[in-house]
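Atoms within a ligand are numbered from 1 in the order they appear, just like the ligands themselves.
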Amino acid sequence: MIPTMAYEHILVEVEPPIATITLNRPKVLNALSPELIREVTAALAELERDDEVRAVVLTGGPKVFAAGADISDMADRTAVEQLNRDQTGAWASIASFSKPLVAAVSGYALGGGCELVLMCDLVIAGDTARIGQPEINIGVIPGAGGTQRWPRTAGKYAAMEIVLSGAPVTARRAYELGIVNKVVPAEMTIEIAKRTARQLAEKPPLALRMAKEAVLRSFETPLTEGLAAERQSFYFLFATEDQKEGMHAFLEKRKGAFKGR
Ligand code: DAK
């Protein structure tokens, strides 16, 4: 295990071929201050460039994922201050991370914490997870994608329930709603998320990247456009060494060794 990069509000562990980012403000249940979000984006940018890292786990540790944006930082801001500090770019860069991002969620994942989960590609939830959008209770609405990603993932009625009631759902209910891939005993959440990330990290990186891009594109484009883009990526992958390796390894009945080329 190689600990890397010094940050104040997160921990980053690089254990090639995976890395783990842990939100680390336990006293305030990992409330997502602007500084913390900046550190997450900086860490992801660094991991994006690191060819040794092929998948990333995002967690809040064993007790809590994140209780949302830091209310003490927002409470007295004016609308114009909120607009001018525009954090949208930082959050958008998390959503556009090109490698698989696996969330490991135990305890509360609320507000911006829930929206971070919705930006991940796979979600492993401990049985203690409580996931929701409580913004309505403090006079606002989700601001980092909750009103858009919930309906696209779980449908209109589940989204309305989550966003209008503000009440969190259990890990089991989140699984039924399709925003969690697997519910596991809380103490195993991070380990299982890491195992999942390691399994993904064995796949050809360029194919992984194109596959992620293609699935995410389906939320943005009409079907014909999405299908055309999918085909282009499919053809493109025949220009990679990993496609030759993958297909020949299959024919030779051995495991492919992929290089991301
Ligand atoms: N912010 C600041 N501090 C928080 C916090 C938060 N979100 N959540 C908890 N804390 C602090 C508490 O104040 C408390 O601090 P001390 O009193 O010890 O100093 C400590 O963490 C422990 O919390 P509790 O004592 O409240 O613990 P409980 O177990 O009793 O309750 C709870 C846990 C999670 C149910 C409760 O803490 C809670 O309801 N927290 C607030 C949840 C919430 O409303 N979250 C949504 C926040 S709004 C955007 C990007 C993002 C966002 C918006 C826009 N753009 C890019 C435009 C996101 C917005 C939000 O997330």
Side-chain angles (χ1 to χ4, degrees), residues 8-10 21-45 58-97 101 103-120 123 125-154 159-171 173-174 179-180 186 189 216 219-220:
E8 205 180 324
H9 307 293
I10 62 172
I21 299 178
T22 306
L23 312 175
N24 189 31
R25 298 183 74 209
K27 286 193 181 136
V28 286
L29 309 183
N30 293 334
L32 304 166
S33 60
E35 296 74 27
L36 181 148
I37 290 296
R38 262 199 298 280
E39 289 191 0
V40 171
T41 62
L44 287 176
L58 179 62
T59 184
K63 295 216 173 97
V64 64
F65 186 77
D70 195 325
I71 299 172
S72 63
D73 174 74
M74 290 187 293
D76 295 318
R77 290 197 183 277
T78 65
V80 174
E81 281 168 352
Q82 273 293 99
L83 175 72
N84 285 342
R85 75 212 295 252
D86 186 28
Q87 280 193 70
T88 309
W91 286 80
S93 77
I94 299 171
S96 63
F97 183 62
L101 198 48
V105 184
S106 294
Y108 291 112
L110 301 179
C114 175
E115 289 164 312
L116 267 186
V117 173
L118 292 168
M119 290 177 187
C120 292
V123 183
D127 49 19
T128 56
R130 296 292 178 272
I131 301 176
Q133 303 282 169
E135 290 89 340
I136 200 85
N137 298 326
I138 52 171
V140 288
I141 67 169
T147 66
Q148 302 304 297
R149 291 198 173 94
W150 268 104
R152 280 168 168 78
T153 310
M160 288 294 186
E161 181 187 323
I162 297 288
V163 172
L164 302 189
S165 79
V169 293
T170 60
R173 176 92 173 112
I179 78 143
V180 158
T189 316
L216 290 179
F219 293 101
E220 317 264 351

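Annotation: side chain of L44 is in contact with side chain of L101 (closest heavy-atom distance under 4.5 Å). Counting only heavy atoms from C-beta outward, the side chains of W91 and M119 approach each other to under 4.5 Å. Taking the side chain as every heavy atom from C-beta outward, V163 and I136 never approach each other to under 4.5 Å. Between Q133 and E115 there is a side-chain heavy-atom pair separated by less than 4.5 Å. Side-chain contact between N24 and E39 is absent, with no heavy-atom pair separated by less than 4.5 Å. Proximity of R38 to H9: side-chain heavy atoms (C-beta onward) are nowhere separated by under 4.5 Å.
Within a 4.0 Å radius of atom 23 (O) of ligand 1, the protein has at least one heavy atom. Inside a 4.0 Å radius of atom 44 (O) of ligand 1 there is at least one protein heavy atom. Within the 4.0 angstrom cut-off, atom 7 (N) of ligand 1 has one or more protein heavy-atom neighbours. Distance check for atom 17 (O) of ligand 1: every protein heavy atom is found at 4.0 Å or beyond. The presence of a protein heavy atom under 4.0 Å from atom 1 (N) of ligand 1 is confirmed. The protein reaches atom 48 (S) of ligand 1 closely, with a heavy atom under 4.0 angstrom from it. Within 4.0 Å of atom 14 (C) of ligand 1, not a single protein heavy atom is present. Shown here, atom 54 (C) of ligand 1 is in close reach of the protein: a heavy atom of it lies under 4.0 Å off.
In terms of protein heavy-atom proximity, atom 26 (O) of ligand 1 is closest to L29 CD1, 5.0 Å. Among all protein heavy atoms, the one lying closest to atom 56 (C) of ligand 1 is W91 CD1, 3.4 Å. Ranking protein heavy atoms by distance to atom 38 (C) of ligand 1, first place goes to L110 CD1, 4.8 Å. Atom 29 (O) of ligand 1 has its closest protein heavy atom at Y108 CE1, 4.4 Å. Nearest non-hydrogen protein atom to atom 57 (C) of ligand 1 is G143 O, 3.5 Å. Closest to atom 59 (C) of ligand 1 among all protein heavy atoms lies A69 CB, 3.4 Å. Nearest protein heavy-atom neighbour of atom 42 (C) of ligand 1: A67 O, 3.3 Å. Closest to atom 21 (O) of ligand 1, if we only count protein heavy atoms, is V28 CA, 3.3 Å.
Close approach of ligand 1 to P134 is summarised as follows: ligand atoms under 4.0 Å from at least one heavy atom of the residue are 43 (C), 44 (O), 45 (N), 46 (C). The atoms of ligand 1 that sit less than 4.0 Å from any heavy atom of A144 are 50 (C), 51 (C). Shown in contact with K27 at under 4.0 Å from a heavy atom are these atoms of ligand 1, numbered in order with element: 20 (C), 21 (O).
Among the atoms of I71, some N or O lies under 3.5 angstrom from an N or O of ligand 1. Among the atoms of G112, some N or O lies under 3.5 angstrom from an N or O of ligand 1.
For the 3.5 Å distance criterion, the side chains of S106 and T189 qualify, holding a donor opposite an acceptor.
Note that CZ of R149 is 10.0 Å distant from OG1 of T147, once rounded to the nearest 0.5 Å. Atoms CG and CG, from L29 and L23 in turn, are 12.0 Å apart once rounded to the nearest 0.5 Å.
Evaluated for a side chain to side chain contact (heavy atoms under 4.5 Å, CB included) with F65, the options I131, L58, N30, T128 yield exactly one hit, L58.
Of the heavy atoms in A31, only side-chain atoms (C-beta onward) come closer than 4.0 Å to ligand 1. For M74, every heavy-atom contact with ligand 1 shorter than 4.0 Å involves the side chain, none the backbone.
Using a 4.0 Å cut-off between a side-chain N of Lys or Arg and a carboxylate O of Asp or Glu, R173 and E161 qualify as a salt bridge.
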Kindly determine whether R25 and D70 satisfy side chain to side chain contact (heavy atoms under 4.5 Å, CB included), including the steps that lead there. CA-CA 11 Å; R25 298 183 74 209; D70 195 325; 3.0 Å; yes

Test L32 against V40 for side chain to side chain contact (heavy atoms under 4.5 Å, CB included), laying out the working first. CA-CA 10 Å; L32 304 166; V40 171; over 6 Å; no

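Judged by the shortest distance from any of its heavy atoms, Q82 lies outside the 4.0 Å radius around the atoms of ligand 1.
Sequence neighbours left out, not one pair with a member in residues 129-140 passes salt bridge (Lys or Arg N to Asp or Glu O under 4.0 Å).
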